[in-house]
Structure formats: structure tokens, C-alpha cells
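One is the number of the first residue; the rest follow in order along the sequence. Note that ligands are numbered from 1 as they come in the structure, with each ligand's atoms numbered from 1 the same way. What you see is a predicted model; the values in this text were computed from it and never measured.
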Amino acid sequence: MHGLMMSMPLQISSLLRHADRYHGDTQIVSRTVEGGIHRYTYSEAHRRARQLANALGALGVRPADRIGTLAWNGFRHFEIYYATSGSAAICHTINPRLFPEQIVYIVNHAADQYVFFDLTFLKLVEGIAPHCKGVRGWVAMTDKAHMPDSTLDLLCYEDLINGHSDDYTWPEFDENTASSLCYTSGTTGNPKGVLYSHRSTILHAYAAGLPDALNLAARDVVMPVVPMFHANAWSLPYACPLAGCKMVFPGAALDGASVYELFETEKVTMSAGVPTVWLGLLQHVEQHDLRFSTFRRTVIGGSACPPAMIRTFEESYDVQVLHAWGMTEMSPLGTVCTFKSQQANLDREAQYALQAKQGRPIYGVDMKIVDDDGKELPWDGKAFGDLLVRGPWITAEYLGGEGGNPLREDGEGRKWFPTGDVATIDRDGFMQITDRSKDVIKSGGEWISSIDLENTAMAHPAVKEAAVIGVVHPKWDERPLLIVVKKPGAALAREELLQFFQGKVAKWWLPDDVVFVDELPHTATGKVLKTKLREDYKAHKLPGT
Ligand code: AMP
């Protein structure tokens, strides 16, 4: 017997329609790549998204066609999100920080019909266009006055939509229809396409806004610092219209000074980004002895948030840190670290230790840790194993069946997605990532967590950034090598840093050596590129070997 409730497909267009009807005057503010600040409302965004939907139709874009973007966070990118998915086409966000060859591969693999790009990426586009034969047009996301000279015959975004009316009714279709596409920025092999649906996106956006997740309210002013090309900016372009938050898009200016300025002028209350961005912001406010007037909480994920960063945000700036974990394949949110009532009474040090964990699953995500034979491991906060997840916004397979079936079936017929992360889970359900499975250091048959060692190093006041990799050792197979970037002007010797580890980690975990460098290599999504470090230091001779 079916329930007798209205049957309405969950569709992305309904988010912007809702924001227009109930938060129509709420602002969307963007720092543009042309220079200056652009300001309009949800109503205007909705109107222009409908114009763009008409323009796409006139260009011959049909349901399921992929439309690529190479763009920063800004109002036009937001309009493209809605005009494409809303009209049953697929919004394909491309990470412009990838190598051009990877971008060519992605555009061709996705069979993108048109690619919209910010002016910043003109040279990139001119370089890749000859290799992307299937692309029917390249659209510069600007107005006529700013159209650049180009070797390509470009389309102009504003001209494109100006010629079209806003008379457009979002079509209704099956909620399982594909809505958007994002390739994983794997460090090895070709990137793989994660294809989201309208249903998965809406369910994920609902969950993202929950109080123990991103905790979004109509009163919030939200700045997604995390790029819209990195796993849908962690749902903010969907979850903000759902909640009715004012949105502030930082454009290309992600340095500490620019982010701080927008925080203050637009009265931002909440933000989200990877640790490296916050390093820049904290450095800026520390150097200039600044305070945040309205900024009260920030979501940090994408890489482990160093406990020292959590402490600085909370103690020095009264900003709550929400440590979160997820992946492109998970839309991306999986866990967020917020206290239950029993943890609210813990002393502050115990709370900080807890906040270093990646947190509890949001309803909708189920997780478990297993050993090499697939046997489930206990939730004791100590045993660590492969982290598996399942849920309605988690990938079941990659576009084009790339890489085969990624799922693992358990004895009861349930399918799980292996995250490639290694983690512990404690008895309260808090998960902590100890490593990417490829990054664990295997010393004498035991595992050493590189993240634990990195967090310890980052707690030293003279350390800006740290990475730990395993280096071949004749007796122990591998031993940890610590690679450190010092804060500008700071003095720090090898012995002093190693001394700092005493009593903080097990003796046999102590790094065998320390190397000081000017900077660490990062991936296109801001993670330390450990494959490069392992390559660079594969011949490193550890002391005593
Ligand atoms: P991506 O698909 O680029 O978002 O990368 C997902 C991967 O980033 C995860 O599988 C983790 O290895 C890593 N990651 C994301 N958030 C965290 C976090 N809070 N702590 C540690 N690793 C993280």
C-alpha cells in the first residue's frame, strides 16, 4: 500500500525557486575577476538563471548534455549551476588547477558541449581548445566591455543571456536524473567522473544544513571559500538557497587579506574551506592584530585540520571550528565533529582532542571500519582499518564504468563504498582518519599514522606546515621522515623539533629525520602531494642507516 502523500520529484530548480519566493531580497555578493564587487538578490539570480536556461536551449543544449565550467566562486557560476541542472542538462565543474592534459582528458571524457570560463582562464582555454574537438563553444563569463582578444571565436556570457527572456518554467522530471558531474583529482591514474543526481543533491543539501552539520539559518551570511569546482563547494550553492542565507563569493582572491576584507564588509558569519586557506587568513589577522566582527564558525575539511589551528580559531578569535570529512564521491559530506551533551561537559583539553577527530556521520551516511579480510573492527577508538561508507548521496559507480565496480558487498548483501581512508571509530561514533591507505607508514609490521605526526609538528609555534612520509629503512621496512615549512622568520633546529614530540607520541613513532623546506607541493584541491614527496625523498638516507 502506498502512502497518500503528494509525489514531487526532488529537483535542484526548486531550491532557487524557493529562495526567490521566500528570500527574494536576500543578497548574493561576488568579488569579480574583472575587478569590483557585484551585488544582487536571489530573485535576480533566479531571473537570470531562467534567461540562461533559454539561452542554453537556443544553443541546442538538450537534457543530459554536459556543460563544463572553469570558474571561481561567483554569481555567474551560481547561475550556471541552476540553469544547467534545472533544465535537465548536467553541470560539469572542472578544477582549473589540474594540469592542462588532465583537463583535456576530463572535457573529452565528459563530452562537454560548451565550456563556460572566467577570464582568468583564457590562456588555459586557448591552450586546450584545439584538443577538445567535441566542444561546440567556449563562453567567456563576462560582459561585452570586458571581452578579451582571443585566438578563439568566443561567446560572451552577458550577450548570450541578454538576448533571451526570463519566461521559462523549470521542467519536471525524474529525481534520479543526473544533475552534475565532478571528477576526482586522484593523485594517480586518470581522474574519474562522479555523477550526482537531483535526488542525491537535494538530500545532501538538507543534511548539510542540519544543526550538527553546517548549521545553516536564514540569518547566516555564508562565504564558500571552498571552490565550486571542488565537490560542489561542499553543498553551499544548494544548502544556502535552501536555508535562505546571504551568500558571499570570494572570486579568485583567496589570500588572507582579501578574504578578511570581505568577511568584514559583508558581515560574514560562517565559512568553509581547506586548512591551507585558513593558514593564510590566520597569518594575516595575526600579523595585523585584527579581530573578526561577525565571523563565528568555520567548516574545515579536505585534509586533516591541525589541532593547533582549531585552538587558535577558538581561543584567540572565538570562531567555532567544525572539523568535517568527506570526499567528491560522497557529494561530499560524511562526518562533522560536533559535541553530544556528554562531551559538552568535558574539560577544554579533552574537547580539543575530540575536535581533532573528523566526527560523527550525518544521518544518511553509514560507516564502518574493516580489516584486510573485510571483518568489521571494534569501535574502541584504537583499532584502525579501511573506512567503508554507504548512503543515498554516495557514488555507486564512476561515469563510463571507469575503474570497474568500486563497491564491496558484505555478508548481508549491503553494498559499501571503500573510501581509501584508514580510520578509527570510538564508542561514541566519532571517526578519526589516521591516513590515506596509500600514505600509512609501515614500520616493523605496525602502522604509524602520518596525520598524527603532522598534527604534533604543527602544534609547534615555529611550524607553518608539516608532512610525514615513510622512507625505506633496512631493518623496519619504512620509518617516518618529517618535512617541515617554518613560519616566516622563525628559528627551529632539528633536535628541538624532535624533542617537542617526546611524550606526545609513542617512542617508536618518533620521526627518524627532519628536513626543512621552503614549501610543500599541493594537489589541485589543496592536499599535500605525498606521491611527489615520496618520489623526491625516495633516496633520502635516514641517520644510522
Ligand atoms: P576529495 O575528493 O578531493 O574531496 O578528497 C577526499 C579525501 O580527502 C578523503 O578521502 C580524505 O583522504 C581527505 N580528507 C577530506 N577531509 C578530511 C579531513 N577532515 N581529515 C583528513 N582527511 C580528509
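- If you look at F116 and H77, their ring centroids are not closer than 6.0 Å.
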Could you give the side-chain donor-acceptor pairs of residues 366-379 under 3.5 Å, partners two or more places apart or in another chain?
unit_1 : atom_1 : unit_2 : atom_2 : d
D371   : OD1    : D373   : N      : 2.9
D371   : OD1    : G374   : N      : 3.1
D371   : OD1    : K375   : N      : 2.9

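- Distances from ligand 1 to the non-hydrogen atoms of S303 include at least one value under 4.0 Å.
- Between E454 and K530 a salt bridge is recorded (basic side-chain N to carboxylate O distance below 4.0 Å).
- Each of the atoms 9 (C), 10 (O), 12 (O) of ligand 1 lies under 4.0 Å from some heavy atom of R436.
- Remark: K357 fails to qualify as a cation-pi partner of F430 under the 6.0 Å distance and 45° angle criteria applied to the six-membered ring.
- Sparse packing is recorded around OH of Y363, with 12 or fewer heavy atoms of other residues, nucleotides or ligands lying under 6.0 Å away.
- At a heavy-atom distance under 4.0 Å, no atom of P332 approaches ligand 1.
- The distance criterion of under 3.5 Å between nitrogen or oxygen atoms is met by A304 with respect to ligand 1.
- In terms of polar-atom proximity, K527 is counted as a contact of ligand 1, with an N or O under 3.5 Å from an N or O of the ligand.
- Not close to ligand 1: A231, with no non-hydrogen atom less than 4.0 angstrom away.
- Look at D421 and you'll find a heavy atom under 4.0 Å from some atom of ligand 1.
- Across the listed options T328, T523, V274, T328 owns the non-hydrogen atom lying nearest to atom 1 (P) of ligand 1.
- In terms of N/O distances under 3.5 Å, ligand 1 is approached by A324.
- Between R534 and D439 a salt bridge is recorded (basic side-chain N to carboxylate O distance below 4.0 Å).
- The N/O atoms of G302, backbone and side chain alike, include one that comes under 3.5 Å of an N/O atom in ligand 1.
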Steps toward ring-ring contact (aromatic ring centres under 6.0 Å, His included) verdict (Y260, F295): CA-CA 10 Å; Y260 178 79; F295 182 38; 9.4 Å; no
Is there a side-chain contact (heavy atoms from CB on, under 4.5 Å) between F229 and T69? Walk through the geometry before answering. CA-CA 8 Å; F229 55 75; T69 66; 5.7 Å; no
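- Of all atoms in ligand 1, listed by their number and element, those nearer than 4.0 Å to a heavy atom of Q358 are 18 (C), 19 (N), 20 (N), 21 (C).
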